[in-house]
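Scroll down for the structure; my scribbles are underneath it.
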There are 2 protein chains.
Amino acid sequence: MSTHDTTRHPLSPTPRTTLTRSKERGATDRAALDEVLDAGLLCHLGLLLGGSPVVLPTIYGRVGDTLYLHGSTGAGNMRAAIDHEISIAVTHVDGLVYARAAMHFSMNYRSAVIRGRAVLVTDAAERDEALRVIVEHSAPGAWDRVRPPDRKEMAATMVLAVDLTEASVKVRAGGPRDDSGDIDNGGVWAGVLPLRQVWGEPIPSADLEAGIEVPDDVVARVTPTAVPVS
Amino acid sequence: MSTHDTTRHPLSPTPRTTLTRSKERGATDRAALDEVLDAGLLCHLGLLLGGSPVVLPTIYGRVGDTLYLHGSTGAGNMRAAIDHEISIAVTHVDGLVYARAAMHFSMNYRSAVIRGRAVLVTDAAERDEALRVIVEHSAPGAWDRVRPPDRKEMAATMVLAVDLTEASVKVRAGGPRDDSGDIDNGGVWAGVLPLRQVWGEPIPSADLEAGIEVPDDVVARVTPTAVPVS
């Protein structure tokens, strides 16, 4: 029933798992990690605040082996992460697994859990690139058609980098795995109810002037389904 | 751009916020907390493992002022939470906010962040009820038509309880909040691209015998839309 007690990705879920990039399995796992991260909209950042863990949702971006986070320089929470160990999780729920027995209910999901040290990025070019990547991660194709950060905005923004070396990926897919006794007994429906995220029709801002068309990068994102049938 | 630097729920996001249930605002906030929690499918649990934070996705259930988690008794990660401070976040992404300036991009979201101590539940009746609530949270209406946990399954399952007293709720909704200069300059589309989760058509398990209909609780859940238009 727990999302983490069923099928596991080859990467073992032991504490402090390290992706060994030199091994073949490492390459597979690394591709799986990138796939989970690149498909995510937000991550959950775990850090220590006053000695206790706190989990905060935030957006992110990735460049190669580095994950970037950003926040206001006034945000005490994120500031507390600098030069400390943190953890970042990105999870996609793909469906709910209905089983014949309560304890075999499960979820289909893809998740990545990263552990590492948050480092404050101070290099101006890297900060610029990190912010571009974070915006493009959320809104692919938008960066080039909007106003870039100005000096004041940059001064108010803190960028953190986390190395992706230490990470684990877990995936569960497929139907329920019921006990043979429950299957033999029969009479109970079992299967998967798939879940997915869909983008709806864009809603123009109330203060948008007339004559501005929805940009191609926004149009391209709208999920091509969703006509009510009833 | 950060999911936490824009509109805030009345509950202030200061560290270790406590919901004061005796105040009127406390009641409002408490209702908002329940709403975010009850609408969620999974939470992200932050705990300390070997002195460093780890964030793990897991399912949960709620009874009044108590949030329940469960795991295998063999799961070292969750065991490490017992009698320790933890944090739990539940986040819903409702849309992406496209602004005229990169630093004003944002997300519409509802999130709850809980901090508290994880307590091992040992009372048999409370353990039973917690597992029922966790399964019903994921799959409403399913518990009564599936096989309940047997003695062996119960022995292999650990249930944790977390008090909901210390929690904050944050909500961002609505369009972009651009600088007046960028609005005056014009020429850039701004608005919201809504995002939602939809349940697809149920997929019967490959080992399901013939003649078993999809139960009403599963049918009722399928999102009544989703016919491809192209």
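All values below come from the heavy atoms of this structure, side chains included, with hydrogens, waters and symmetry mates left out. Below, read A as the first sequence line, B as the second, and so on, with proteins coming before strands; counting in each chain starts at 1.
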- Item | Contact leader toward chain B among A:Gly187, A:Pro148, A:Gly211, where contacts are heavy-atom pairs under 4.5 Å | A:Gly187
- chain B interface, residue from A:Ser87, A:Gly174, A:Gly191, A:Pro149 that has the most non-hydrogen pairs under 4.5 Å: A:Ser87
- Task: Spell out, as yes or no, whether a donor-acceptor pair under 3.5 Å connects the side chain of B:Asp83 to the backbone of B:Val119.
- Result: no
- Item | Carboxylate-amine/guanidinium contact A:Arg172 A:Asp94, below 4.0 Å | no
- Query: For chain A, which of B:Thr91, B:Asp178, B:Ile86 has the most heavy-atom pairs under 4.5 Å?
  - Reply: B:Thr91
- Message: Only pairs of heavy atoms separated by less than 4.5 Å count here; which of A:Pro204, A:Ala101, A:Pro194 has the most with chain B?
- Response: A:Pro194
- Inter- and intrachain pairs under salt bridge (Lys or Arg N to Asp or Glu O under 4.0 Å), touching residues 45-59 of chain A, at least two apart: none
- Message: By the side-chain hydrogen bond (donor to acceptor under 3.5 Å, both in side chains) test, which pairs, at least two apart or in different chains, include something from residues 180-190 of chain B?
- Response: A:Arg147-B:Asp182
- Below 4.5 Å from any heavy atom of chain B, which atoms of A:Leu47 appear? Answer side chain, backbone, both or neither. backbone
- Message: In terms of relative ring orientation, are A:His137 and A:Tyr60 parallel, tilted or perpendicular, with 30° and 60° separating the classes?
- Response: tilted
- Measure A:Leu45 against the heavy atoms of chain B and call it side chain, backbone, both or neither at under 4.5 Å. backbone
- Contact leader toward chain B among A:Gln197, A:Arg221, A:His44, where contacts are heavy-atom pairs under 4.5 Å: A:His44
- Item | Any residue meeting side chain to side chain donor-acceptor pair (under 3.5 Å) with B:Glu129, in chain and number order, not counting sequence neighbours | B:Arg132
- Side-chain heavy atoms of B:Val97 within contact of B:Phe105, under 4.5 Å: no
- Message: Looking at chain B, which one of A:Pro176, A:Gly175, A:Ser138 has the largest number of heavy-atom pairs inside 4.5 Å, strictly under?
- Response: A:Ser138
- If you tally heavy-atom pairs under 4.5 Å against chain B, which of A:Ala190, A:Ala99, A:Gly74 wins? A:Ala190
- Message: Which atoms of A:Ala206 are under 4.5 Å from chain B, going by heavy atoms: the side chain, the backbone, both sets, or neither?
- Response: neither
- Is a side-chain donor or acceptor of A:Glu85 paired with a backbone partner of A:Arg115 at a separation under 3.5 angstrom? no
- Message: Salt bridge check, B:Arg100 against B:Asp179: does any charged N sit closer than 4.0 Å to a carboxylate O?
- Response: no
- Task: Flag the pair A:Glu201 / A:Val222 as yes when at least one side-chain heavy-atom distance between them is below 4.5 Å, and no otherwise.
- Result: yes
- Task: Check whether A:Ala75 gets within reach of chain B through its side chain, its backbone, both or neither, counting any heavy atom under 4.5 Å.
- Result: neither
- Note on the structure: Those residues of residues 150-160 of chain A that come under 4.5 Å of chain B on a heavy-atom basis, listed by number, are A:Glu153, A:Thr157
- Top contributor to chain A interface from B:Ile212, B:Val146, B:Leu195, B:Ile203 [non-hydrogen pairs under 4.5 Å]: B:Leu195
- Under 3.5 Å donor-acceptor, A:His84 side chain and A:Ala118 backbone: no
- Query: Would you say B:Leu67 and B:Ile114 make side-chain contact, with heavy atoms under 4.5 Å?
  - Reply: yes
